Amino acid sequence: MDRPTGLVDQLADRDATAGWLAGELGYDSPISGRDHAGCLKTDHRIVVLGAGSAAIGVADMISTALVDEGLTQQQAADRFWFVDIDGLLVRSRSELTPEQRIYGRDDTEVRHWGAGAPDLARVVGAVRPTVLIGLSTSHGAFTEQVVRTMADVCDRPVILPLSNPTSHAEADPADLARWTGGRALVATGSPFPPLKVDGREVPVAQANNVYVFPAIGLAVTPAGPPGSPAE
């Protein structure tokens with residue numbers, strides 16, 4: 001749906017983050033069905049910590065790309081597991097917004113996971129995700145236990161602690177590299193110093209939506225379109 005250009009600055013933060021992530025996971029490429037981690041794009045299991053507008057916006061854009069890859073809308077939504085402060089988003093939770101409810105899991109799916117609302121550690125243990133996204137502003141939420149559990153079953157885990165500023169990041173890239181034996185594909189939402197790997201410095205990729213803004217502005221400013229499509 002086209003959006004009035006006056007809404008661009010209101011939606012830019014969410015949509016630019018979503019656009020960057022869709023590209024990072026390979027959904028911007030029509031050439032190959034596999035992403036940078038060697039995984040089929042439609043096979044990803046994506047756990048998201050945080051269920052605010054930015055997190056839902058990211059899922060919506062990736063879901064659109066998954067539909068373009070041949071999945072149905074429901075199949076695309078089923079590739080996501082959202083965890084917020086109250087645990088996994090499940091359909092029996094009455095406080096979910098309509099946007100969140102799209103990604104709510106069936107309660108019968110998680111009954112055998114144990115009593116109570118599954119937290120991040122339990123979700124990661126049960127789902128065995130290939131992608132872990134942090135948009136929660138919960139510093140240190142990607143604990144060693146969570147990361148090692150993910151890395152035990154995924155050769156190239158994609159771990160994206162995107163909350164900013166740095167003091168709110170879900171993990172430190174140096175810890176992620178150590179806990180995964182250097183196998184994780186990592187990008188952060190805030191700047192971090194380079195990692196020391198075999199005596200050399202390796203820069204930490206920053207998945208900041210500021211890198212998307214110039215292209216959006218360059219396209220919209222001279223063209224003056226009446227609307228801005230989500231795509």
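Sequence positions, counted from 1, serve as the residue numbers for this chain. The shown structure was predicted, so the numbers you read here are calculated from the model rather than taken from an experiment.
With a 4.5 Å cut-off on side-chain heavy atoms, Val67 and Thr72 do not count as touching. For the pair Val58 and Val48, the minimum side-chain heavy-atom distance is 4.5 Å or more. The shortest distance between side-chain heavy atoms of Glu170 and His139 does not fall below 4.5 Å. Using a 4.5 Å heavy-atom cutoff, the side chains of Ile46 and Ile62 are in contact. Residues Thr149 and Gln145 have side chains in contact (heavy-atom distance under 4.5 Å, counting atoms from C-beta outward). For the pair His168/Ser138, no side-chain contact is recorded, criterion being any heavy-atom separation below 4.5 Å from C-beta on. Within the 4.5 Å cutoff, no side-chain heavy atoms of Pro157 are placed close to those of Thr130. Val83 has its side chain out of reach of Leu89: every pair of non-hydrogen atoms, C-beta onward, lies at least 4.5 Å apart.
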Next on the checklist: Checking Val110 against Val90 for the side-chain contact (heavy atoms from CB on, under 4.5 Å) test, could you report, in this order, the C-alpha distance in whole Å, the side-chain angles of both residues, the deciding distance, and whether it holds?
Outcome noted: CA-CA 9 Å; Val110 303; Val90 292; 4.2 Å; yes
Next on the checklist: Applying side-chain contact (heavy atoms from CB on, under 4.5 Å) to Val158 and Leu132, what does each step give before you reach the verdict?
Outcome noted: CA-CA 6 Å; Val158 179; Leu132 180 60; over 6 Å; no
Next on the checklist: Under the criterion side-chain contact (heavy atoms from CB on, under 4.5 Å), I'd like the reasoning laid out for Leu195 against Val204: C-alpha separation, chi angles, the key distance, then a yes or no.
Outcome noted: CA-CA 7 Å; Leu195 303 182; Val204 175; 4.0 Å; yes
Next on the checklist: Run the side-chain contact (heavy atoms from CB on, under 4.5 Å) test on Arg79 and Leu66 for me, step by step, so that the C-alpha distance in whole Å, both residues' side-chain angles and the decisive distance to 0.1 Å come before the verdict.
Outcome noted: CA-CA 9 Å; Arg79 307 314 297 165; Leu66 286 170; 3.9 Å; yes
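Here the side chain of Asp172 pairs a donor or acceptor atom with the backbone of Ala174 at under 3.5 angstrom. With hydrogens and angles ignored, the 3.5 Å screen pairs no side-chain donor or acceptor of Arg183 with any backbone N or O of Arg156. Proximity of a side-chain donor or acceptor of Ser163 to a complementary backbone N or O of Ser136 within less than 3.5 Å is detected.
For the pair Asp107 and Arg93, the salt-bridge criterion is not met [side-chain N within less than 4.0 Å of a carboxylate O]. Between Asp106 and Arg91, at least one side-chain nitrogen of the basic residue sits less than 4.0 Å from a carboxylate oxygen of the acidic one, meeting the salt-bridge criterion.
How far CD of Gln74 is from CG of Asp78: 4.5 Å, rounded to the nearest 0.5 Å. A distance of 11.0 Å separates CG in Leu96 from CD1 in Ile102, rounded to the nearest 0.5 Å. Taking CD1 of Ile159 as the reference point, atom CG of Leu176 lies at 5.0 Å (rounded to 0.5 Å). Distance check, rounded to the nearest 0.5 Å: CG of Leu135 to CG of Leu162 gives 5.0 Å. Note that CD1 of Ile56 is 14.0 Å distant from CE of Met61, once rounded to the nearest 0.5 Å. Interatomic distance, Thr108 OG1 to Arg111 CZ, rounded to the nearest 0.5 Å: 6.0 Å.
The two residues Pro165 and Ser190 come nearest to each other via the heavy atoms C-OG, 3.2 Å. Scanning both residues, Phe192 and Ala171, for their nearest heavy atoms gives CZ-O, 3.9 Å. Taking both residues in full, the closest heavy atoms of Pro129 and Cys154 are given as O-CB, 4.1 Å, listed atom of the first, atom of the second, then distance. The nearest pair of heavy atoms linking Gly87 to Ala117 is CA-CB, 4.3 Å. Taking both residues in full, the closest heavy atoms of Glu201 and Lys196 are given as OE2-NZ, 3.2 Å, listed atom of the first, atom of the second, then distance. In this structure, Ser63 and Ala76 approach most closely via the heavy-atom pair O-CB, 3.7 Å.
For Gln75, the CD atom is densely surrounded, since the number of other residues' heavy atoms within 6.0 Å is greater than 12.
Relative to the six-membered ring of Trp81, Arg45 misses at least one condition, a distance below 6.0 Å or an angle of at most 45° to the axis.
Under the 30°/60° scheme for interplanar angles, the aromatic rings of Tyr103 and Phe82 are found to be tilted.
Residue pairs meeting the salt bridge (Lys or Arg N to Asp or Glu O under 4.0 Å) criterion with at least one partner in residues 119-148, sequence neighbours excluded, are Glu144-Arg148.
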